[in-house]
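The structure appears right after this line, and notes come after that.
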There are 2 protein chains.
Amino acid sequence: MEDICTINALRLMQSADEFRAKLSGEFSAVHGLSVNEYFLLMHLQKAPLNRLSRVELAKRMYVSASTVTRMAAPMEKLGLVRRESDSRDARLAYVVLSEAGTTRLGEAKMTFAKHARDTFGDRWSRTELENLSKLLNRLVAGTLPNLT
Amino acid sequence: MEDICTINALRLMQSADEFRAKLSGEFSAVHGLSVNEYFLLMHLQKAPLNRLSRVELAKRMYVSASTVTRMAAPMEKLGLVRRESDSRDARLAYVVLSEAGTTRLGEAKMTFAKHARDTFGDRWSRTELENLSKLLNRLVAGTLPNLT
DNA sequence: GCAATATGCTTGCATATGCAAGTATATTGC
DNA sequence: GCAATATACTTGCATATGCAAGCATATTGC
């Protein structure tokens with residue numbers, strides 16, 4: 001194995017899987033959120049009016065539209081998001097971040113940040129962290145709106 | 001959002017999700033493999049005797065033991081892996097890479113490499129690629145045996 | 001040696017997710 | 001204006017996955 005692109009892709013996926021696995025347990029136990037639900041809230045918070053249509057959420061989260069429909073339903077029951085329709089296009093069903101959702105998201109962000117610091121630890125220099133940040137940004141910047 | 005660790009973790013997960021999503025379709029269509037099945041075969045190929053117990057596979061793949069059990073069953077029917085037991089410990093049930101599995105894995109590696117090259121494209125310099133590789137290696141090297 | 005505990009695997013159940021089909025609404029071509 | 005097509009969402013079904021319980025085998029403490 002010498003293809004540097006392949007190596008990078010493998011390491012990218014493995015490190016992301018590891019991080020997600022470590023995050024997952026505490027997230028559901030402490031915040032009652034799956035990692036994907038966390039990302040859904042993050043996308044909403046970043047969006048104008050704190051809302052996005054289901055298809056737009058699906059694109060940004062790399063999941064199917066039906067998954068967004070099914071994720072939103074229980075989150076709506078919990079009051080983390082609410083549903084809004086568009087006055088001009090009756091097909092659209094926005095998912096809107098609520099007050100409670102904002103609060104919950106804020107708590108979850110603490111946990112996320114803690115795990116992120118644990119992952120990089122104090123063995124990473126500021127320069128290395130910024131270097132990685134810059135390189136990863138080239139990966140996410142190209143396509144869709146991202147969370148950073 | 002200014003915490004550089006958080007930003008890195010977010011970008012890491014988003015870029016990995018994007019890569020996985022792009023890979024997923026062609027993988028199942030062309031090779032009849034899910035991305036996770038690909039990783040399972042990769043771990044086997046890297047292991048001594050091309051075999052690993054189910055719990056060891058589970059650890060390396062960041063999934064539960066039951067998931068490995070259920071992934072291995074259909075792959076065994078397809079002949080991609082076979083089952084072996086340990087002469088000293090009757091609890092162990094190794095998953096062993098077969099000839100057919102090696103062949104299939106080799107084909108899938110081509111697709112993986114193609115997508116990896118597409119992802120990084122020609123806009124990445126050799127230096128940047130090696131820089132990223134080095135940084136990501138710090139993330140995966142700490143814990144479990146990895147694929148690179 | 002035996003009971004207590006630990007480990008490896010499997011299975012029942014619940015949740016998560018994608019795909020394809022169905023429904024409702026918008027847009028386009030004419 | 002209307003038919004044809006496109007888009008947004010939902011739902012039925014199939015697959016994927018985790019957790020907890022169950023079972024078999026190993027190891028440990030005595």
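Numbers restart at 1 for each chain; the letters A, B, ... are given by sequence-line order, proteins then strands. The basis for the numbers below is simple: all heavy atoms, side chains too, and nothing from hydrogens, waters or symmetry mates.
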Quick check for you: among [options], whose closest atom lies nearest to any side-chain atom of [X]?
X: B:Ser53; options: D:dC9, C:dC9, C:dT17; value: C:dC9
X: A:Arg91; options: C:dT25, D:dA26, C:dC9; value: C:dT25
X: B:Arg83; options: C:dT10, D:dT25, C:dA26; value: C:dT10
X: B:Ser66; options: D:dT11, C:dT11, D:dC9; value: C:dT11
X: B:Val55; options: C:dG18, C:dG8, D:dG18; value: C:dG8
X: B:Asn36; options: C:dT25, D:dA24, D:dT17; value: D:dT17

A:Glu37 or B:Lys59, whichever maps to the more 5' nucleotide of DNA chain C:
B:Lys59
Toward the 5' end of DNA chain C, by each residue's nearest nucleotide, A:Asp89 or B:Glu56
B:Glu56
May I ask you to say what B:Ser34 touches in the nucleic acid, namely base, sugar-phosphate or nothing, with a heavy-atom cut-off under 4.0 Å?
nothing
Classify B:Val68 by what it touches in the nucleic acid, base, sugar-phosphate, or nothing, heavy-atom distance under 4.0 Å.
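Here B:Val68 touches no strand at all.
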Name the pairing partner of C:dT27, where a pair is Watson-Crick or G-U wobble with both distances under 3.5 Å, or state none.
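Check on C:dT27: paired to D:dA4, both distances under 3.5 Å.
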Any donor-acceptor N/O pair, A:Gln14 side chain to B:Leu147 backbone, under 3.5 Å
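Yes, A:Gln14 side chain to B:Leu147 backbone: donor-acceptor pair under 3.5 Å.
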Whether A:Thr119 side chain and A:His115 backbone form a donor-acceptor pair below 3.5 Å
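Checking the backbone N and O of A:His115 against the side chain of A:Thr119, a donor-acceptor pair under 3.5 Å is found.
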Under 3.5 Å donor-acceptor pairs involving side-chain atoms of residues 46-53 of chain A, not counting sequence neighbours:
| residue | atom | partner | partner atom | Å |
| --- | --- | --- | --- | --- |
| A:Arg51 | NH1 | A:Glu84 | OE1 | 2.8 |
| A:Ser53 | OG | A:Glu56 | N | 3.3 |

Using atom OH of A:Tyr62 as one end and atom P of C:dC19 as the other, report the distance to the nearest whole Å.
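Rounded to the whole Å, the gap is 16 Å.
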Let me confirm one number: the CG-NE2 distance from A:Asn146 to A:His43, rounded to the nearest 0.5 Å.
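If I round to the nearest 0.5 Å, the distance is 8.5 Å.
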May I ask you to check whether A:Phe19 and A:Phe112 place their ring centers less than 6.0 Å from one another?
yes
Lys/Arg-Asp/Glu bridge criterion (N-O < 4.0 Å) met for A:Glu130, A:Lys134:
no
DNA chain D contacts made by residues 69-82 of chain A, counting heavy atoms under 4.0 Å:
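Residues of residues 69-82 of chain A that come under 4.0 Å of DNA chain D are, in numerical order, A:Thr69, A:Arg70.
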Within the 4.5 Å heavy-atom criterion, are B:Glu37 and B:Leu41 side-chain neighbours or not?
no
